[in-house]
Student: 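Here's a structure for you.
Protein chains get the first letters and strands the later ones, always in sequence-line order, with residue 1 at the start of each. Keep in mind that what you see is a predicted model, and the values were worked out from it rather than measured.
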Amino acid sequence: MPVPDKPALEGLEEKWTARWEAEGTYRFDRSRPRAEVYAIDTPPPTVSGALHVGHVFSYTHTDIVARFQRMRGKEVFYPMGWDDNGLPTERRVQNYFGVRCDPSLPYDPAFTPPDKPDKHAISVSRPNFIELCARLTVEDEKAFEHLWRYLGLSVDWSMTYATIGKRAQRVSQMLFVRLARRGLAYKLEAPTLWDVDFKTAVAQAELEDREQPGAYHRIHFKTMLPRAVSQEMGVDYVAIETTRPELIPACVALVAHPDDERYRPLFGSHVTTPLFGARVPVLAHALADPEKGSGIAMICTFGDITDVTWWRELKLPVRAVMQPNGTLGPVSWGTSGWESDDAVRAQQAYDQLAGLSAKKAQAKIVELLKASGELHGEPKPITHAVKFYEKGDRPLEIITSRQWFIKTIEHREQLLERGRQLQWHPDYMQARYENWVNGLNGDWCISRQRFFGVAFPVWYPVRADGTVDYAGAILAEEATLPIDPSTDVPPGYAAEQRGQPGGFVGDPDVMDTWATSSVTPQIVTMWEHDADVFERTFPMDLRPQAHDIIRTWLFSSVLRAHFEHGSLPWSHAAISGFVLDPDRKKMSKSKGNVVTPLGLLQEYGSDGVRYWAARGGPGVDTAFDVGQMKIGRKLAMKVLNVSKFTLAGDHLDGPVTETLDRGMLLNLAALVTDATTELEQYEYARALAKVESFFWDFCDNYVEATKSRRYGDFGPAAAASASTALRAALSVMLRLLAPFLAFTCEDVWSWWQRGSVHRASWPTAAELSVVAGDAAGAREAHTALAAALGAIRKGKTDQKVSVGTEVEAVAYAGGDDEIRALRAIERDLKAAVRAGALRLTVGEPSVAVTLKPAEA
RNA sequence: GGGCGGUUAGCUCAGUUGGUAGAGCACCGGCUUUACACGCCGGCUGUCACAGGUUCGAGUCCUGUACCGCCCACCA
């Protein structure tokens, strides 16, 4: 392709995305051995959401690394996934098709959704629901792929996967079954964090704190001590302070610190709860904080995580009032039910609470306590942090339920060790991992009482009396996976036995979204699907991701690989920062400050946007700044134009003989070494800054200084030296910039080279020093050029003449070393400043420009 | 309460072993210079958050403080 007359950036994206696809430029060559492969575990974006500029930012970082590794000779394994798991997709499918997932229904292969969603949702089986999801997300996936291609991601688009896809289900289920068989996954009935609106268990990793208004309620519990002791204490009650008085009926004990003198006499004795008259013990535990409230707390089943700890360690009974839907459930007090000194009074009080939500129950019980005189003073309003499910609207409750867990706590040390083996970029992100693992306070709850997602490949026998034998879980055979227990039948049973005495039931739950996302390394590397590919790609090289999901995605992936493979899933983790809006806030949809990416790519060019993204180094939060995109666009334009200049006209073939040419090439060789080291360390932003800086100096100074010679003013040999040096430098700079300005560099490459620049070999210092030849002092001469040119240009500007004006004479004085360096390139320097005479002297730095008589 | 990161020119940010403060943008001024006006040249701009310390010398190392951001916590 010839050098264009008017090179332009417009249309490069369409042109090259089509060409790359047609030529299979980024197709993975699966014949290469593991050592020659660089495998990337790309984060699958959520398809039901929209891609925003934050995605563009971080995915560009990964692409830069991918392109660098590819040019270094690695075969890059770079798939793309779509995350269609989880609540957002579930809701979207429901609304779009007017259906509800009902896991109790069997698969109906003939089902078709109505053209328009009906007001009354149609119940469909889980497999049908998943089919609808796949249908809906096809369009999203197309739009996403288009954007990614337009941005220039060098993904192999023949390798895509969906997190709810058949193969992903199979991998998730198979890994789960293996954990279950080894006892690393287990089912247990236990107090679990619970969202009362979604009516599902949630995991520790999905929590967030929100500041909420609340109030301390000072409540009196009657003591049951011998009179003498009470008299000594002066009171016959204990005052506790609680923000959740509605849980008083669930109170099973009071607790204070063992060293707390105020309560020491009470330890071992009992008190009665207000309103309900239940006798509960006063106990000692080190977790009780004498500084908090009155220093003595009531333990309820369950008000918060501390209650769970106390309940477990003090071996207390359960007295649960909170139901899965967030209301207080029915309780009968007295001899046939819960213990009370005054069952009639207890029942009367409780009946007014039953059926109310926590919030309403609190208001009601405050009324009752005031009336009974057991509330001391007015509630004292406070603001405190309350735990929420990150997607939820009401505070979490803790409810006892039967859930699947994966063991984490007893493997804490090994998991910490894995974190240390992983190479983090930037390295300080490892602290977040350590922090999280050290803070784990329970095993990982992976089951969700939702309908959409990967099912547990598990059934339970139904006993002859119709009860379910949860301890006798029947795990699916690996060869049969994926299965859906709502439709498929366990080995040895017939379909008619579903739900029948002596028969079976399917596990109704689905896996947590992170339980399925955590196996993306196994999904993409074709684990248990294509052993050959797996062997060439696993453990992978790179996990790129954002820092907010270290505790979830990164941690859970490490955990799964540790258990299944006894290794890390990848050797490097590159953590991207967030994109901040100009107010330094994290950009997010909810804040309405998200910019749609395709418009940006079209306005500033994909390379312009890539440039902006590339400037944000690993882990660094970066401001959204169209100014930087404009600069990137200018850089790309400059590349086009200087390439046009370099390649225009006939190439004069000849060796590099001139000192300036040699110096420039050798300095470029040093840059190659430097930039390569940066990129090897995932410091792409630094690499770009250095290359960019050299490039502009090259354009502004070297090209200007050699123009005259290049045009033949000093003969053909001197011109050939410049021509050869220019081309060698251009070739190297295009390759250095190719990972960043993927489209521009590819276009220029195509003007004069064969093949794709993205499959060209990464430049080396050696290839330049061969061209430059032996040249003592040449680098210093090239380095001195910019300062001297600048000073002399200033001399002209000060006299208000153009830089191109021919002048009578220039006198330039400088230090010994500088002048020696400049003398080596005196002819080029003189031509560059268009001086009739150039005098270089050692002395105090000075510049004198003498204009021609006519101009003076 | 714990941890991590940040605080450098009006803005966005570099500043890699401690050695006279940098770039781009913005602003001001100049320039048709046979690659580029999506250009070129030049100029202006800083108690490097604050306070101590180590050192001949600190933006850089140490201690502490303040503020910003993120993550975490057993939040009665």
Side-chain angles (χ1 to χ4, degrees), chain A residues 3 6-9 207 209 211-212 214 216-217 240-244 247 254-256 285-289 292-300 303-310 382-387 426 428-436 438-439 441 547-548 550-551 577-578 580 582 584-586 605 608 612 615-617 619-625 627-628 630-631 633-648 674 677-678 681 683 685-686 689-690 692-693 696 699-700 703-704 707 711 789-790 793-805 834:
Chain A
V3 178
K6 263 278 184 206
L9 297 170
L207 303 189
D209 285 355
E211 287 293 324
Q212 295 285 311
Y216 278 127
H217 302 75
I240 63 113
E241 290 199 346
T242 179
T243 55
R244 301 208 57 186
L247 292 178
L254 299 189
V255 65
H285 193 283
L287 273 183
D289 182 353
K292 267 181 200 158
S294 59
I296 186 162
M298 69 170 182
I299 303 173
C300 305
D304 62 27
I305 301 172
T306 323
D307 280 345
V308 178
T309 307
W310 281 326
I382 53 155
T383 303
H384 62 157
V386 178
K387 293 222 175 298
Y428 61 77
M429 287 294 177
Q430 194 205 328
R432 300 206 180 193
Y433 176 90
E434 297 246 343
N435 212 332
W436 173 251
N438 280 321
N441 55 26
H547 53 67
D548 57 335
I550 288 173
R551 64 174 179 165
F578 287 137
L580 307 174
R584 313 293 309 167
K585 299 270 164 43
K586 182 190 169 188
W612 159 74
R615 287 176 46 99
V620 179
D621 290 346
T622 299
F624 175 75
D625 186 357
Q628 298 300 328
K630 288 181 189 165
I631 296 163
R633 193 179 163 81
K634 278 166 66 173
L635 173 64
M637 278 304 303
K638 195 76 174 176
V639 168
L640 289 181
N641 282 311
V642 81
S643 300
K644 176 187 156 194
F645 169 78
T646 298
L647 300 171
D674 201 4
T677 304
E678 297 289 13
Q681 294 167 357
E683 292 287 356
R686 283 193 194 174
K690 288 172 175 177
E692 186 188 9
S693 163
W696 282 105
C699 293
D700 296 343
V703 167
E704 292 301 328
K707 231 174 217 176
Y711 283 129
L789 266 184
R793 281 168 181 156
K794 179 166 158 54
K796 289 189 178 181
T797 301
D798 287 347
Q799 300 191 49
K800 298 219 190 275
V801 297
S802 118
V803 182
T805 308
R834 311 223 173 155

Student: On RNA chain B, check which nucleotide each of A/T306 and A/Q628 is closest to and give me the residue with the more 5' one.
Tutor: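 This one resolves to A/Q628.
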Student: Check every atom of B/rA73, B/rU16, B/rC74 against the side chain of A/E678 and return the nucleotide holding the closest atom.
Tutor: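 Nearest listed nucleotide: B/rU16.
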Student: Let me spell it out: for each of A/L207 and A/I382, pick the nucleotide of RNA chain B with the closest heavy atom. Which residue's pick is nearer the 5' end?
Tutor: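 Looking at the nearest nucleotide for each, A/L207 comes out on the 5' side.
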Student: Measuring only the P atom in each nucleotide, how far is B/rG52 from B/rU12? A whole number of Å is fine.
Tutor: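 Approximately 29 Å lies between the P atom of B/rG52 and that of B/rU12.
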Student: Do A/W436 and A/I550 have side-chain heavy atoms sitting under 4.5 Å apart?
Tutor: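 In short, these two side chains do not touch, never coming nearer than 4.5 Å.
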Student: On the nucleotide B/rA37, are OP1 or OP2 found under 4.0 Å from the side-chain N or O atoms that A/K6 carries?
Tutor: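 It does, given that an N or O in the side chain of A/K6 lies less than 4.0 Å from OP1 or OP2 of B/rA37.
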Student: Report the distance from atom CD of A/Q799 to atom C1' of B/rC31, rounded to the nearest whole Å.
Tutor: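 That distance rounds to 15 Å.
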Student: With a 3.5 angstrom cut-off on both distances, give the Watson-Crick or G-U wobble partner of B/rG19, or none if there isn't one.
Tutor: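 Base-paired to B/rC56.
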Student: Take the protein atom CZ of A/F578 and the nucleotide atom P of B/rC70, then report the distance between them rounded to whole Å.
Tutor: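 Rounded to whole Å, this separation is 9 Å.
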Student: Within the structure, does a side-chain N or O atom of A/T797 lie under 4.0 Å from either OP1 or OP2 of B/rG30?
Tutor: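 No, no such contact exists.
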Student: With both distances kept under 3.5 Å, what pairs with B/rC36, Watson-Crick or G-U wobble?
Tutor: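 B/rC36 is paired with nothing.
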Student: Picking from B/rC31, B/rC75, B/rG43, which would you name as closest to the side chain of A/H384?
Tutor: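 Selected nucleotide (nearest to the side chain): B/rC75.
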Student: Would you call A/T805 and A/R834 a side-chain contact if the rule is heavy atoms closer than 4.5 Å?
Tutor: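 The answer is no; the side chains never approach within 4.5 Å.
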Student: Is any side-chain N or O of A/K638 closer than 4.0 Å to OP1 or OP2 of B/rA35?
Tutor: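 Result: no.
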Student: Can you tell me how far OG1 of A/T677 sits from CD of A/E683, rounded to the nearest 0.5 angstrom?
Tutor: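 Answer rounded to 0.5 Å: 11.5 Å.
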Student: OP1 or OP2 of B/rG15 versus the side-chain N and O atoms of A/R686: is any pair under 4.0 Å?
Tutor: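 Result: yes.
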Student: Rounded off to whole Å, could you give me the NZ-to-P distance for the A/K630 and B/rC25 pair?
Tutor: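 Nearest whole value for this atom pair: 12 Å.
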Student: Output yes when a side-chain donor or acceptor of A/K796 lies under 3.5 Å from a complementary backbone atom of A/V801, and no otherwise.
Tutor: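 Absent.
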Student: When all nucleic acid strands are considered with a 4.0 Å heavy-atom cut-off, which category describes A/W612: base, sugar-phosphate, or nothing?
Tutor: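 Nothing: the residue A/W612, judged by heavy atoms under 4.0 Å, touches no strand.
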Student: Across the strands shown, which category fits A/A636 at heavy-atom distances under 4.0 angstrom: base, sugar-phosphate, nothing?
Tutor: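 Result for A/A636 = nothing.
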Student: Taking only the side-chain nitrogens and oxygens of A/K796, find out if one of them lies under 4.0 Å from OP1 or OP2 of B/rC31.
Tutor: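 False: A/K796 side-chain N/O out of range (4.0 Å or more) of B/rC31 OP1/OP2.
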Student: What is the nucleic acid contact for A/C300, judged by heavy atoms within less than 4.0 Å: base, sugar-phosphate only, or nothing?
Tutor: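 Nothing: the residue A/C300, judged by heavy atoms under 4.0 Å, touches no strand.
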Student: For A/T309, which contact category applies under a 4.0 Å heavy-atom criterion: base, sugar-phosphate, or nothing?
Tutor: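 The residue A/T309 makes no contact with any strand.
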Student: When you compare B/rC50 with B/rC31, how far apart are their C1' atoms, in angstrom units rounded to a whole number?
Tutor: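 Here B/rC50 and B/rC31 have their C1' atoms 46 Å from each other.
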Student: Looking for any heavy atom pair under 4.0 Å, which part of the strands does A/R633 touch: base, sugar-phosphate only, or nothing?
Tutor: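 It contacts base atoms.
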Student: Provide the distance between the two P atoms, one in B/rC70 and one in B/rG29, to the nearest whole Å.
Tutor: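 Approximately 42 Å lies between the P atom of B/rC70 and that of B/rG29.
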Student: Any donor-acceptor pair, under 3.5 Å, between the side chain of A/E704 and the base of B/rA35, if you only look at N and O atoms?
Tutor: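 Yes.
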Student: Taking a pair as Watson-Crick or G-U wobble with both distances under 3.5 Å, which nucleotide is matched to B/rG1?
Tutor: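 The base-pairing partner of B/rG1, which may sit in any strand shown, is B/rC72.
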Student: Would you measure the distance from the C1' atom in B/rC67 across to the matching atom in B/rA21 and give it in whole Å?
Tutor: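 Going atom to atom, C1' in each nucleotide, I get 24 Å.
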Student: Paired with B/rC28: which nucleotide, if any, by Watson-Crick or G-U wobble criteria at under 3.5 Å for both distances?
Tutor: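 When the pairing criteria are applied, B/rG42 turns out to be the nucleotide that pairs with B/rC28.
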Student: Using a 4.0 Å heavy-atom cut-off across all strands, classify A/I631 as base, sugar-phosphate, or nothing.
Tutor: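 Sugar-phosphate, no base atom in range.
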Student: For A/A385, answer base if it contacts any base atom (sugar-phosphate contacts may also be present), sugar-phosphate if it contacts only those atoms, and nothing otherwise; contact means non-hydrogen atoms under 4.0 Å.
Tutor: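 Base, at least one base heavy atom under 4.0 Å.
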Student: Out of B/rU33, B/rC70, B/rC72, which has the shortest distance to the side chain of A/V803?
Tutor: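 From the listed options, B/rU33 comes nearest.
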Student: Atom CH2 of A/W696 and atom C1' of B/rG42: how far apart are they, to the nearest Å?
Tutor: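 Whole-Å distance recorded here is 16 Å.
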Student: Between B/rC68 and B/rC56, how many Å separate the two C1' atoms, rounded to a whole number?
Tutor: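 After rounding to an integer number of Å, I get 37 Å for this pair.
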Student: Could you state the atom-to-atom distance from CG of A/L635 to P of B/rC36 in whole Å?
Tutor: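 Taking atom P of B/rC36 as the reference, CG of A/L635 is at 18 Å.
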Student: Look at the side chain of A/R834 and the base of B/rU33, then say whether one donor and one acceptor between them are separated by less than 3.5 Å.
Tutor: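 No.
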Student: State, to 0.1 Å, how close A/K638 and A/C699 come at their nearest heavy-atom pair, and which atoms those are.
Tutor: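 Minimum heavy-atom contact is CE-CB, 3.8 Å.
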Student: Please work out if A/D307 contacts a base, only the sugar-phosphate, or nothing of the nucleic acid, heavy-atom cut-off 4.0 Å.
Tutor: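 It contacts nothing in the nucleic acid.
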Student: Do the side chains of A/D209 and A/K387 get nearer than 4.5 Å, heavy atoms only?
Tutor: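 In contact.
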Student: So which nucleotide from B/rA35, B/rC72, B/rC4 ends up closest to the side chain of A/Y428?
Tutor: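 Out of B/rA35, B/rC72, B/rC4, the nucleotide with an atom closest to A/Y428's side chain is B/rC4.
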Student: Report the base-pairing partner of B/rA9 (Watson-Crick or G-U wobble, both distances below 3.5 angstrom), or none.
Tutor: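 With both distances under 3.5 Å required, B/rA9 matches none.
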Student: Say we look at B/rU55 and B/rG69: how far apart would their P atoms be, to the nearest angstrom?
Tutor: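 Between the two P atoms, the distance is 38 Å.
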Student: Rounded to the Å, how far apart are A/L580 CG and B/rC13 C1'?
Tutor: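 The answer, rounded to whole Å, is 13 Å.
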Student: Below 4.0 angstrom from OP1 or OP2 of B/rC38, is there any side-chain N or O of A/N641?
Tutor: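 A/N641 to B/rC38 OP1/OP2: no side-chain N or O under 4.0 Å.
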Student: From B/rG29, B/rA35, B/rC74, pick the nucleotide closest to the side chain of A/K800?
Tutor: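 Nucleotide nearest to A/K800's side chain: B/rG29.
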Student: Got A/R615 and A/I631 here, is their nearest side-chain heavy-atom distance under 4.5 Å?
Tutor: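 A side-chain contact under 4.5 Å is absent here.
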Student: When the distance from CH2 of A/W310 to C1' of B/rC74 is rounded to whole Å, what number comes out?
Tutor: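 Value for this atom pair: 7 Å.
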Student: Could you tell me whether a side-chain N or O of A/T242 sits under 3.5 Å from a main-chain N or O of A/I240, the two making a donor and an acceptor?
Tutor: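 Here the side-chain-to-backbone pair does not exist.
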Student: Are any of A/K387's side-chain N or O atoms less than 4.0 Å away from OP1 or OP2 of B/rC74?
Tutor: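 Answer is yes, contact under 4.0 Å.
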Student: Considering only the C1' atoms, how many Å lie between B/rA26 and B/rG10, rounded to the nearest integer?
Tutor: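 Nearest-Å result for B/rA26 against B/rG10 at atom C1': 8 Å.
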Student: Could you state the atom-to-atom distance from CG of A/D621 to P of B/rG6 in whole Å?
Tutor: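 Between P of B/rG6 and CG of A/D621: 11 Å.
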Student: So A/L640 and A/S643, do their side chains get closer than 4.5 Å, heavy atoms only?
Tutor: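 No, their side chains stay 4.5 Å or more apart.
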Student: Heavy atoms only, 4.0 Å cut-off, all strands: where does A/D289 land among base, sugar-phosphate and nothing?
Tutor: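 Base contact - A/D289 has a heavy atom under 4.0 Å of at least one base atom.
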Student: For B/rU65, what is the paired nucleotide under Watson-Crick or G-U wobble rules, both distances under 3.5 Å?
Tutor: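 Paired with B/rA49.
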Student: Would you indicate, yes or no, if B/rC74 has its OP1 or OP2 atom less than 4.0 angstrom from a side-chain nitrogen or oxygen of A/K292?
Tutor: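 No, because none of the side-chain N or O atoms of A/K292 sits under 4.0 Å from OP1 or OP2 of B/rC74.
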Student: Pick base, sugar-phosphate or nothing for A/G790, based on heavy-atom distances below 4.0 Å to the nucleic acid.
Tutor: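 Sugar-phosphate, backbone atoms only, no base.
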Student: If you measure from the P atom in B/rA35 to the same atom in B/rC40, how many Å do you get, rounded?
Tutor: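 That atom pair is separated by 13 Å.
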Student: Donor-acceptor check, side chain of A/K644 to backbone of A/P7, threshold 3.5 angstrom: yes or no?
Tutor: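 A pair under 3.5 Å: no.
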